[in-house]
2 protein chains.
Amino acid sequence: MASLLEGQARPIRLADIAKAAGVSHGTASNVFSRPEIVRAEVRERVKAVAEQMGYAGPDPKGRLLRAGKVNAIGVATTEPLSYFFDDPFARVMMAGISEACDATGAGIALVSAANQEKLAWNIQSALVDGFILFCIEGGSRLVDLTRERRLPFVALELGFQDETVSAIGVDNVAGARLAARHLADLGHRRFAVLSLAFADNRTGFATPEIVRGALYTGTRDRLAGYFEELSRFGIDTAKIPVYETENEEKSTRAGLEAIFAKGEQPTAILAMSDRMALIAIEWLKARGLSVPGDVSIVGFDGVPDGALCTPPLTTIAQPITEIGRRAARMILDHDGAVRRETMGVKLIVRASTGPARKG
Amino acid sequence: MASLLEGQARPIRLADIAKAAGVSHGTASNVFSRPEIVRAEVRERVKAVAEQMGYAGPDPKGRLLRAGKVNAIGVATTEPLSYFFDDPFARVMMAGISEACDATGAGIALVSAANQEKLAWNIQSALVDGFILFCIEGGSRLVDLTRERRLPFVALELGFQDETVSAIGVDNVAGARLAARHLADLGHRRFAVLSLAFADNRTGFATPEIVRGALYTGTRDRLAGYFEELSRFGIDTAKIPVYETENEEKSTRAGLEAIFAKGEQPTAILAMSDRMALIAIEWLKARGLSVPGDVSIVGFDGVPDGALCTPPLTTIAQPITEIGRRAARMILDHDGAVRRETMGVKLIVRASTGPARKG
DNA sequence: CATTTTTATTGGATCGATTCAAATTTCCGC
DNA sequence: GCGGAAATTTGAATCGATCCAATAAAAATG
């Protein structure tokens, strides 16, 4: 059996079957793709020959070229592929995308590249009908590269100035304001911000210049939202430390060290992602500070993990799954139009926030 | 700009560029795929024409047919696509697969089908160089379907009689024995087993006939391991209730209800997956039983969640990531041979197991 | 039985690129 | 300025199917 298979230098093509069965390749093709239009007798004969010759069925590679449609959507990021399975935000988003794909029978192709050259190649050679872009670090480059493919694509997060790019995101300003107001209402007056990146490859305290020159407007908007709202409470936002992290453990911890090394310690932390918020909770607990007794924290995103940690995280929830679903549908029923959708967010109060300690 | 693009009825082909630039297709092709062999002057001219005509670069669809290799591996399951992002075992496995793919620059295509007809079509039309099969429920059908594609494939879990199928799995008997011995050593004498499926679409107490007729030998082996070891401690395994679940919440809870409804309640539960074990811990706690005070539990798999729950789960850890890596590599550097690898497992003692309560 | 209609089959064109042997140019040294 | 080596370029062949207009065969109609 095995030797029989190995004997075949080249895989069998549809044309081979056609010849062996004494029919034209057109008819042979029909036997597989539109069996109802070929006479039963012929159909069975061809199928029998195919079976006997060990034909694997019409090769999708060939069909693809003719059909033009791959029936799969590509999901791309500049992170390693494992990001899709590790990161809680990405996972919920993928669940939404999966749902839409399952419904229409489309497949999902994961595309990534840790390094720059491969990124280009992977985007250029991905067999997909369109892309959904996870725009984190390096998102702008990802968009540029994808644009060159001239396939439909959607950026997740509206963090791009560029209005010619389809995108789905949330109202960052409104969300940030909700978070800030919640804390201010609880009496907090000393804040610190754990920020996402304003531009690529940066960490550390963000100066006003950095904020003004922000490449990622999503980050800028969230900060603007925080500040706008806090100003209304008479808080001097210029004094609030804003630490830019890479949204992972190491730089977030570094940020916390830096923030708490300063003289006046904050009683409330505004984190631009749940991931950072969760790391902050761990860090504070390890340092003997109580959450929310000593420090209150509000996250951003609304990932499921936030509900499970101790204490459960107060956060600004995005409709992540719905965003994923919509993004997928945008690609699946693409009509050539550029769409930019802004979804609403809501404040979910759990136990990581409490009244500011007196004094 | 937009109108310019829309004006083009058909996307531009490499041949169009070649004609416009006054070179042959061969040369035009080289400009993109092997630029170093074409004269600088010509290269720039062709590139300029391409740029100006809005050429999207060589279409992977065309390239694919010629090249034959997709450079992507398909990961298939009979669960909905979201399984890959939800299930903890699958996620760790995917991390391993991702790692191997990242290393070689290969892509990952997720293939699934809730319903049977689409499954067939999705497997048949997936653009991949090979498959990794998550063999859960319905695994045998998945294998049959995949075999027809005549592409390399690996089954995860050795749960198949069929020795002609490449597979990677663990030593189920040895793992189960470790679990059973651990509990027996702690003095437990009354057991219950939360079992995976012996065949498709079954739940409920498993009779000896069902066990003997097992389609999934992985399940059979784990049970055999449990029983072998317990027998050595003089325990009558015929009296141990074995409840077959679908490895999800509903049927697992049903199993627990059924097990604890019986007269003599177990002091130890052997769960064939961490997922069931975790559900069992929740169920027991909700019922007012202490873990491990009243009931000890040992899981199987070693997913990260097991370390985080309360109490942390004692389990038989599989090298999940490593299995994923190897599976991916098997496809990536496939040599036509059938390989069946058995990986070792180890007992990880955490806090869900303790000495049997006296009396 | 001739004629029209319906149903099946054929074979060439096409999808969009890459490859490679052969033809052509360019480059060198003398 | 010439011969031969080296560097470029050409264009036909190929990858594996699907599509479709034309043709052939079978069935229905008069």
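Per chain, numbering begins at 1; letters A, B, ... match sequence-line order.
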query: B:I123 versus B:T146: any side-chain heavy-atom pair under 4.5 Å?
result: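 The answer is yes; the side chains approach within 4.5 Å.
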
From the options [options], select the nucleotide whose nearest atom is closest to the side chain of [X].
| X | options | value |
| --- | --- | --- |
| A:S33 | C:dG16, D:dA17, D:dT18 | D:dT18 |
| B:V42 | D:dG16, C:dT19, D:dT9 | D:dT9 |
| B:S24 | C:dT10, C:dT18, D:dT10 | D:dT10 |
| A:L14 | C:dT18, D:dA17, C:dG16 | D:dA17 |
| A:V38 | C:dT9, D:dC15, C:dT18 | C:dT9 |

Please give, in whole Å, the distance from [N] [atom2] to [X] [atom1]?
| X | N | atom1 | atom2 | result |
| --- | --- | --- | --- | --- |
| A:H25 | C:dT10 | NE2 | P | 10 Å |
| B:N30 | C:dC20 | CG | C1' | 11 Å |
| B:L127 | D:dG16 | CG | C1' | 13 Å |
| B:Y55 | C:dG16 | OH | P | 10 Å |
| A:L64 | D:dC15 | CG | P | 17 Å |
| B:K19 | D:dT9 | NZ | C1' | 19 Å |
| B:R34 | D:dA7 | CZ | P | 15 Å |
| A:L151 | C:dG16 | CG | P | 13 Å |

task: Please state whether the rings of B:F85 and A:F85 are parallel, tilted or perpendicular, taking 30° and 60° as the class boundaries.
output: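 The arrangement is parallel - the two ring planes meet at less than 30°.
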
message: Could you check whether A:E322 pairs with A:R326 (Lys NZ or Arg NE/NH1/NH2 to Asp/Glu carboxylate O, under 4.0 Å)?
response: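 Salt bridge present between A:E322 and A:R326.
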
- prompt: Thinking salt bridges, do A:D16 and A:K19 make one under a 4.0 Å N-O criterion?
  reply: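 Salt bridge: no.
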
According to a strict under-4.0 Å criterion, is [X] in side-chain N/O contact with OP1 or OP2 of [N]?
| X | N | answer |
| --- | --- | --- |
| B:T27 | D:dT10 | yes |
| B:R39 | D:dT9 | yes |
| A:R63 | D:dA17 | no |
| B:R66 | D:dC15 | no |

message: Please compare A:I37 and B:A15 by the position of their nearest nucleotide in DNA chain C and report the one closer to 5'.
response: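 Here A:I37 is the residue nearer the 5' end.
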
message: Side chains of A:D200 and A:Y216: any donor to acceptor distance under 3.5 Å?
response: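 The answer is yes; a qualifying pair exists.
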
